[in-house]
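Following: one structure in structure tokens, then a few remarks.
All figures in this text were calculated on a predicted structure; none of them were measured in a lab. Scope of the values below: all heavy atoms of this structure, side chains included, with no hydrogens, waters or symmetry mates. Note on naming: letters A, B, ... go to the chains in the order of the sequence lines (proteins, then strands), and numbering restarts at 1 for each one.
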Amino acid sequence: MTISLNHAKDITPAGDDYAVVSGVIEMLTEDYQHQPSLDRIAGEMGRDPLELQKTFTRWAGLSPKAFLQAVTLDHAKRLLGEERMPLLEASIELGLSGPGRLHDLFVTHEAMSPGEWKEKGRGLAIRYGFHDSPFGRALLMATDRGLCGLAFSDEDKGGDQFALEDMTHRWPDAVYSHDDAAVLPYAERIFDPERWQANEPLRVVLIGTDFQIRVWEQLLEIPVGRLCTYSDLANRIGAPKASRAVGAAVGRNPVSFVVPCHRAIGKSGALTGYHWGLTRKRAMLGWEAAKA
DNA sequence: AAATTGTGTTTCC
DNA sequence: GGAAACACAATTT
């Protein structure tokens with residue numbers, strides 16, 4: 001029995017779609033110098049070329065070939081290169097420097113310092129749930145004040161259990177309750193670019209140290225399709241030599257994707273690490289390149 | 001290209 | 001408090 005339903009509207013990947021697509025992405029980004037053909041890719045993965053291309057295109061919004069061009073290091077370098085000279089000035093001119101200004105996702109955020117967290121955090125209720133996303137199975141967490149966590153679950157890396165523990169370990173004193181329905185609106189809103197509107201702001205609660213929050217706020221100023229180096233971020237928070245510390249803070253961002261930690265790269269243009277997998281970071285950048 | 005040194009912040013004794 | 005670990009970067013072999 002094969003699945004013959006053909007809902008063109010349903011973009012959400014089902015089953016092993018994400019596994020297939022991420023496999024392709026991995027292959028392409030590891031091997032982009034050889035510019036492997038579609039047939040070759042499909043052969044390697046034991047899939048039908050036509051079917052593979054359809055799946056990939058439906059999922060990523062661009063063909064494997066286009067993706068190959070879009071997400072190689074060349075792309076990263078080009079984006080960075082275009083911005084290089086005017087980067088500091090341009091970023092300010094675009095109104096990026098204003099405190100809590102508008103940004104691409106129209107996210108309104110409020111910060112919770114560690115002190116606040118310690119006092120009020122105990123007993124703070126966090127609801128969480130799992131939903132499919134363009135980047136695989138996502139774990140969302142929310143307080144009554146807004147979204148506070150977004151993670152991803154991979155079957156081969158511990159699945160839901162691992163993702164959940166990774167997140168709950170960050171705020172051990174909170175009270176957690178499983179409630180898929182409660183976070184569904186967030187899932188629908190976050191992964192639909194059509195709804196990134198000012199009249200539909202997304203409320204986010206940032207829980208972290210003072211330094212981390214400064215870094216995360218800077219991340220929020222990076223527009224879709226643009227990249228930023230760790231040292232740029234360090235400069236913008238007024239700690240030019242702290243790029244390494246910035247990297248560590250970026251990596252600890254609890255609200256993955258919404259706070260666009262995937263748009264931070266090394267100064268050389270190389271894509272550095274990603275908490276939820278480098279492949280997913282590439283996928284996000286490719287997805288955004290296609291939307292932007 | 002790889003190893004080395006200088007870094008700031010957080011975490012874990 | 002101090003050491004070790006980091007999603008970095010600049011400088012040396």
Side-chain angles (χ1 to χ4, degrees), chain A residues 22 25-26 29-30 32-33 71-77 79-81 83-85 87-88 91 111-118 121 135-136 138-139 148-154 157-158 162-163 165-174 206-222 224-289:
Chain A
S22 67
I25 289 169
E26 189 141 16
T29 50
E30 296 300 328
Y32 70 97
Q33 290 160 325
V71 191
T72 53
L73 293 183
D74 282 343
H75 178 60
K77 282 178 184 163
L79 276 177
L80 188 64
E83 303 299 329
R84 178 156 39 116
M85 276 300 273
L87 182 62
L88 282 113
S91 53
M112 248 181 166
S113 71
E116 253 182 314
W117 167 242
K118 214 141 202 175
F135 310 108
L139 164 62
C148 68
L150 174 53
F152 293 95
S153 146
D154 285 306
K157 275 185 14 187
F162 177 86
E165 278 173 14
D166 184 301
M167 297 305 288
T168 55
H169 189 260
R170 302 180 188 216
W171 314 300
D173 288 337
L206 264 29
I207 306 172
T209 67
D210 186 55
F211 180 82
Q212 288 171 338
I213 285 170
R214 291 217 308 279
V215 172
W216 299 338
E217 285 176 340
Q218 278 307 312
L219 281 174
L220 284 169
E221 311 283 355
I222 309 173
V224 174
R226 285 265 278 300
L227 300 174
C228 188
T229 68
Y230 295 100
S231 60
D232 290 334
L233 291 171
N235 279 319
R236 287 202 219 156
I237 65 170
K241 292 178 189 168
S243 49
R244 185 159 194 169
V246 167
V250 171
R252 236 162 269 128
N253 162 35
V255 197
S256 169
F257 187 68
V258 174
V259 176
C261 48
H262 54 283
R263 293 182 204 144
I265 64 174
K267 191 146 200 167
S268 68
L271 268 62
T272 39
Y274 191 69
H275 189 75
W276 304 107
L278 252 188
T279 299
R280 200 178 324 260
K281 181 171 182 173
R282 296 188 185 103
M284 286 174 177
L285 293 174
W287 188 75
E288 291 187 342

request  = Over all heavy atoms of both residues, which pair between A:Thr272 and A:Lys281 is shortest? Give the atoms and the distance, please.
outcome  = O-NZ, 3.5 Å
Would you kindly give the [atom1]-to-[atom2] distance between [X] and [N], to the nearest whole Å?
X: A:Trp216; N: B:dT10; atom1: CH2; atom2: C1'; answer: 12 Å
X: A:Arg252; N: B:dG8; atom1: CZ; atom2: C1'; answer: 12 Å
X: A:Gln212; N: B:dT11; atom1: CD; atom2: P; answer: 6 Å
X: A:His262; N: C:dA7; atom1: NE2; atom2: C1'; answer: 14 Å
X: A:Asp232; N: C:dA10; atom1: CG; atom2: C1'; answer: 15 Å
X: A:Arg214; N: B:dG8; atom1: CZ; atom2: P; answer: 13 Å
X: A:Leu233; N: C:dA9; atom1: CG; atom2: P; answer: 10 Å
X: A:Asn235; N: C:dA9; atom1: CG; atom2: C1'; answer: 12 Å

note = Checking N1-N3 plus N6-O4 or O6-N4 for Watson-Crick, or N1-O2 and O6-N3 for wobble, each under 3.5 Å, the partner of C:dT13 is B:dA1
ask   = With both distances kept under 3.5 Å, what pairs with C:dC8, Watson-Crick or G-U wobble?
value = B:dG6
ask   = Is the A:Trp276 to A:Phe257 ring centre distance short of 6.0 Å?
value = no
ask   = Hey, are A:Arg280 and A:Asp154 close enough for a salt bridge, meaning a charged N less than 4.0 Å from a carboxylate O?
value = yes
query = If you measure from the Lys or Arg side-chain nitrogens to the Asp or Glu carboxylate oxygens, is any gap between A:Glu221 and A:Arg236 under 4.0 Å?
reply = no
ask   = A:Phe211 near the nucleic acid: base, sugar-phosphate alone, or nothing, with a heavy-atom cut-off under 4.0 Å?
value = sugar-phosphate
message = Regarding A:Ala245, tell me which of base, sugar-phosphate or nothing describes its non-hydrogen contacts under 4.0 Å with the strands shown.
response = base
key: A:Phe162 CZ: over 12 foreign heavy atoms closer than 6.0 Å   = no
query = Has A:Ser231 got a side-chain N or O lying under 4.0 Å from the OP1 or OP2 atom of C:dA9?
reply = yes
A:Thr209 vs B:dT10: side-chain N/O to OP1/OP2 distance below 4.0 Å = yes
key: A:His275, nearest nucleotide to its side chain (from B:dT7, C:dA10, C:dA7)   = C:dA7
query = Side-chain donor or acceptor of A:Tyr230 under 3.5 Å from a matching atom on the base of C:dA7?
reply = yes
